[in-house]
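Letters go in sequence order (proteins before strands), and every chain restarts at 1.
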Amino acid sequence: MSNGTTGVTAGPRLRSKVRLRFDRRTGRTLLLYPERGLELNDSAAEIARLCTGEWTIDDIARQLARTHAEVSPVEIDRAVREFLRSLADRGLLEGHR
Amino acid sequence: MNDECRPYTLIAELTYRCPLRCPYCSNPLDHARHENELDSGAWCRVFREAEALGVVQLNLTGGEPLLRDDLEVLIEQAGRLELYMNLITGGIPLTFERLARCKALGLRSVQVSIQSARPAESDRIAGAPSFHRKLEVMQWVTALGLPLTLNVVLHRDNIEEVPDLIALAERVSADRLELANTQYLGWALKNRAALLPAREQIERARTVAADAKARLRGTMDVLFVTPDYYSPYPKSCMDGWGRRFLVVNPEGLALPCHLAHGLPGLRFDNVARRSLADIWHHSDGFNRFRGEEWLPDPCRTCDRRRADFGGCRCQAFHLTGDAGATDPVCPLSSDHGLIEAARVQAAERPVSFEYRTGRSVVQS
């Protein structure tokens, strides 16, 4: 649950070891962590940037639905959860249930 | 050249000097001859050129990188370039204050190696009292909020400790545990008879590691690297020659892997005399084993040629005398008998280590 006084947050947040970096060579976003890196496509990068702890998974899916009107909300919700799960499995997220 | 060959990681070997003397050290056998280390200015230029070439990860390693008095200067430069910086260290000599300074300047993660889960054994293998200090360093790393990789090189005398090593990694809140079997090149190849585990040891350790990996998913990454000698196929060494990794050694030689300059007939260039981009794209050394033109039979027509790129060039050379041969680890190699013979030998009583010393050695 969100709690404004203690800073406890409701949503997924990238662990502090994660760095997002713009890649000049490809124009893509790289997600870097110890000895590894992922090249993100545009929507994955959008999701990753929303992993600040401030937004719930539903918030993130709604935000993406606004910028990707051509894709059904159900499809977007599924894709968001799948991507977050893959980040969590790699130990890159906290606050992810 | 397209991004088929793009260096993502620069491995900066800042020095060959090290206070420890592990018998499987991957330093060159004649490392004592190498005395001219690149200075701060040269390294800073290498970092800038590497970043421009596409590098985003920087491994600061050695030898022992902490022995460089200018480590903070180098970290500051790499930090300004937003390189994801990993310090690969034995943890000696270090203070909490120095580590905190490195973090403030942009250090992102730290890898500490131990030689065994048992203090006396770790010290015996390292050839110096060091275990308790390493534990303290690991606590500093996590106290500063830096992700910690615990690295252990496995061989027949410590592979039974894998359960203890996993427990230790959990106790120190490691972010990653690397259970890396010895690569049998350099010092380790000389000591192979003493170091190579038997097959049953490998199988047991691999099972324990796989269980831990599943149990700790999302908390700690557990990586188990099987020794080539028990792998069904060769490794895609360095993800392919001159594809993803760029090594610069203490004297400034730019290499596709840290032992490549031990291969005969290849010319490698020094970063002091040629730009990194020119070396990466156009040098003979980097182009020698790129692509598929050079592939020997049976690799040339093999379905796995884009998965393992013919295996490790150094292993091919050190075992067969031909750097362009198929890695003998492959069952299709005509030299695969060499690997099978080593496995048989692994069942025999181990001999004692030949300790790495500061002196040059005569190769026997």
Engineer: Can you name the closest pair of heavy atoms from B/G145 and A/S16 and give their distance?
Structural biologist: O-OG, 4.2 Å
Engineer: Heavy atoms only: give me the nearest B/R217-A/D89 pair and the separation to one decimal.
Structural biologist: CG-O, 3.6 Å
Engineer: Measuring from atom OH of B/Y84 to atom CG of A/L30, what distance do you get when rounded to the nearest 0.5 angstrom?
Structural biologist: 13.0 Å
Engineer: Taking atom CG of A/D42 as the centre, does the number of heavy atoms from other residues, nucleotides or ligands within less than 6.0 Å exceed 12?
Structural biologist: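 For A/D42, atom CG is not crowded (no more than 12 foreign heavy atoms under 6.0 Å).
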Engineer: Just checking B/W140: does its CH2 atom have more than 12 heavy atoms from other residues, nucleotides or ligands closer to it than 6.0 angstrom?
Structural biologist: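 Enclosed.
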Engineer: Drop me the distance from A/L32's CG to B/M85's CE, to the nearest 0.5 angstrom.
Structural biologist: 12.0 Å
Engineer: Which atoms of B/L148 come close to chain A, meaning under 4.5 Å heavy atom to heavy atom: side chain ones, backbone ones, both, or neither?
Structural biologist: neither
Engineer: Is it the backbone or the side chain of A/R36 that comes under 4.5 Å from a heavy atom of chain B, or both, or neither?
Structural biologist: both
Engineer: Keeping to residues at least two apart or across chains, list the salt bridge (Lys or Arg N to Asp or Glu O under 4.0 Å) pairs with something in residues 43-55 of chain B.
Structural biologist: A/R21-B/E51, A/R24-B/E51, B/R45-B/E49
Engineer: Any idea which of B/D175, B/L146, B/T9 has the most non-hydrogen atom pairs under 4.5 angstrom with chain A?
Structural biologist: B/D175
Engineer: Between B/R108, B/Q111, B/R176, which is the residue that forms a side chain to side chain contact (heavy atoms under 4.5 Å, CB included) with A/P34?
Structural biologist: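 Of the listed residues B/R108, B/Q111, B/R176, the side chain to side chain contact (heavy atoms under 4.5 Å, CB included) partner of A/P34 is B/R176.
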Engineer: Walk me through whether B/L83 and A/R19 qualify under side-chain contact (heavy atoms from CB on, under 4.5 Å).
Structural biologist: CA-CA 10 Å; B/L83 296 175; A/R19 283 287 178 284; over 6 Å; no
Engineer: Testing the basics here: between A/R25 and B/G54, what is the closest heavy-atom pair and its distance to 0.1 Å?
Structural biologist: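 Answer, listing the atom of A/R25 first, then B/G54: CD-CA, 3.5 Å.
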Engineer: So B/D221 and A/R90, salt bridge (charged side-chain N to carboxylate O under 4.0 Å, His left out) or not? Walk me through it.
Structural biologist: CA-CA 7 Å; B/D221 191 16; A/R90 290 185 166 93; over 6 Å; no
Engineer: Mark yes or no for whether B/Q57, through its side chain, and A/Y33, through its backbone, hold a donor-acceptor pair below 3.5 Å.
Structural biologist: yes
Engineer: Using heavy-atom distances under 4.5 Å, tell me whether B/I88 contacts chain A through its side chain, its backbone, both, or neither.
Structural biologist: side chain
Engineer: With B/F286, which residues qualify under ring-ring contact (aromatic ring centres under 6.0 Å, His included), at least two apart?
Structural biologist: B/W280
